[in-house]
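Here the structure comes first, spelled out in C-alpha cells, and everything after it is commentary.
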Amino acid sequence: MQVSSSSENRENLEVDFLHEIGSRMATADELHLVLERVLDFALAVVKCDSCFIYLLEQDDLVLRASKNPHPEVIDRLKLRLGQGITGWVAEHRQPVAIGNNASQDSRFQFFNSLPEDNFEAFLSVPILCRRKLVGVINVQHRRPHDYSGRAIRLLSTIGFLVGAEIEMARLESENSQLSDQLETRKLMERAKGILQRDLSLSEEEAYVALQRQSRQRRLPMKQLAEAIILSAEVKGQYTVGPASR
C-alpha cells in the first residue's frame, strides 16, 4: 500500500507540475521571460549543474539562455543542425541521455569557452511546436548521473508544451520590432520634410543631414527625428500664438 500511495502521490505532483506549466505558459510575455520560465521548469524536473536553451534561427541553433552566466557566448554561440549532440537532437528530434563520459560520445562538440564541456552527464531534448523544431533544451551534471525514464519524459513534455509559447513570444517580438521600424520611418519622413522646408534642402540632403547629426550627437535616428518635430511644433506655436491675439 505504501508503494502504491507513493506512486500515486508522485503522479499527482507531476500532473500538478504540468498544469502549472500550461497555466504560466498561457500568459503572453517577452521572449527572455519565457526562456527564464523554461529554465525554471527544466531545473525543477532535473536537479542539474547546467541548463542551456538553444533556439533555431534560420539554419542555426543559437544559445539564448543558460542557468550559469555566460555573457560572452549568450546570443553568440551558434551550432549547425547535426553539429554536436545538440545539433543531432535538433536534426532527429529525439532526446539523447548520456549518464557518463558524455564528451567521449562521437557526436559531442567541444567549445573552449564553456566549462560545461567537462561535465560527465548530458541530457538533451527537442523543443517542438506542431512537429516544427523550435530549439533544444540541454541539462548537464558534473558527475555521472543516471537519467531516469521519468525525467526524460518530463523534460521532453516541457519541450512539447513550451514550443508554442516560445514561437508566440518570438512573433510578438518581431511584430513589435516591425511596428517600431514603421513608427521610426514615419517620424523620419516628418523630420525630413521639416528640414526640406526650413533649410531649403532636397530630400536626399535632408536625409544626409539627419544621418550626420545622428552620428555627431550619438542619438538614434528616431530620437533625433522626434526632437526636430518637437522643436518645429514649439516654434510654430510660439510664432502663431501672439499673432492670433
Side-chain angles (χ1 to χ4, degrees), residues 1-27 33-56 61 63-68 79 81-109 116 119-169:
M1 291 295 295
Q2 291 181 348
V3 175
S4 176
S5 177
S6 174
S7 177
E8 183 177 351
N9 288 337
R10 188 178 68 184
E11 290 178 0
N12 288 336
L13 287 173
E14 291 176 359
V15 170
D16 291 341
F17 179 69
L18 294 177
H19 180 268
E20 180 185 358
I21 293 178
S23 299
R24 292 176 65 181
M25 283 292 120
T27 62
L33 294 178
V34 173
L35 295 181
E36 285 180 8
R37 281 209 297 268
V38 177
L39 282 175
D40 290 341
F41 294 144
L43 295 172
V45 170
V46 183
K47 307 297 182 182
C48 56
D49 298 310
S50 169
C51 182
F52 291 139
I53 299 176
Y54 290 83
L55 296 184
L56 181 65
L61 292 163
L63 180 60
R64 290 300 186 191
S66 170
K67 171 193 172 186
N68 303 321
L79 292 171
L81 290 179
Q83 183 180 8
I85 296 176
T86 303
W88 188 96
V89 168
E91 185 175 45
H92 294 83
R93 304 182 188 184
Q94 297 177 16
V96 168
I98 303 174
N100 56 76
N101 294 322
S103 62
Q104 301 303 311
D105 189 278
S106 60
R107 298 165 293 187
F108 195 86
Q109 174 73 49
E116 287 84 353
F119 288 7
E120 285 280 333
F122 193 109
L123 171 60
S124 181
V125 302
I127 302 173
L128 302 172
C129 176
R130 297 183 178 179
R131 299 182 181 179
K132 173 188 174 183
L133 179 71
V134 176
V136 176
I137 303 173
N138 291 343
V139 298
Q140 293 172 266
H141 287 80
R142 288 187 175 87
R143 297 181 179 180
H145 182 86
D146 183 20
Y147 296 108
S148 66
R150 169 182 170 273
I152 297 172
R153 287 194 300 273
L154 276 176
L155 194 62
S156 296
T157 300
I158 290 175
F160 298 146
L161 289 176
V162 303
E165 180 63 15
I166 290 175
E167 286 291 86
M168 186 181 300

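Side-chain contact check for L123 versus I152: some heavy-atom pair is nearer than 4.5 Å. At least one side-chain heavy atom of V96 sits under 4.5 Å from a side-chain heavy atom of R107. With a 4.5 Å cut-off on side-chain heavy atoms, F119 and R143 do not count as touching. The shortest distance between side-chain heavy atoms of L35 and I166 falls below 4.5 Å.
Note: T86 OG1 to F122 CZ = 4.0 Å, rounded to the nearest 0.5 Å. Note that CD of E116 and CG of N68 are 5.0 Å apart. Values are rounded to the nearest 0.5 Å. Summarising the geometry, atom OH belonging to Y54 is positioned 13.0 Å from atom CD1 belonging to I137; distances are rounded to the nearest 0.5 Å. To the nearest 0.5 Å, the span separating CD1 on I53 from CG on L61 amounts to 13.0 Å. With rounding to the nearest 0.5 angstrom, the CD1 atom of I85 is 3.5 Å from the CD1 atom of I98. One distance of note links OG of S103 with CD of E120; it measures 7.0 Å at 0.5 Å rounding.
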> Between V89 and Q94, is a side chain to side chain contact (heavy atoms under 4.5 Å, CB included) present by the stated rule, with each step listed?
Replying inline: CA-CA 5 Å; V89 168; Q94 297 177 16; over 6 Å; no

> Is there a side chain to side chain contact (heavy atoms under 4.5 Å, CB included) between V45 and I158 once you walk through the steps?
Replying inline: CA-CA 9 Å; V45 170; I158 290 175; 3.5 Å; yes

> Do L56 and L81 pass the side chain to side chain contact (heavy atoms under 4.5 Å, CB included) test, and can you show the C-alpha distance, the side-chain angles, and the key distance before you say yes or no?
Replying inline: CA-CA 9 Å; L56 181 65; L81 290 179; 4.1 Å; yes

>> Checking V136 against V125 for the side chain to side chain contact (heavy atoms under 4.5 Å, CB included) test, could you report, in this order, the C-alpha distance in whole Å, the side-chain angles of both residues, the deciding distance, and whether it holds?
In response: CA-CA 6 Å; V136 176; V125 302; over 6 Å; no

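Side chain of H145 to backbone of H141: no donor-acceptor contact under 3.5 angstrom is found. Distance alone, capped at 3.5 Å, places no donor-acceptor pair between the N138 side chain and the S124 backbone. Remark: side-chain polar atoms of K67 are paired, donor with acceptor, to backbone N or O of C48 under 3.5 angstrom.
Of all heavy-atom pairs between P126 and P95, the closest is CD-N, 4.0 Å. The nearest pair of heavy atoms linking G163 to I127 is CA-CG2, 3.6 Å. The minimum heavy-atom distance linking G99 with A121 is given by the pair O-CB, 3.4 Å. Taking every heavy atom of both residues into account, F108 and A102 meet most closely at CD1-O, 3.4 Å.
Salt bridge status for K132 with E167: present, with a side-chain N to carboxylate O gap under 4.0 Å.
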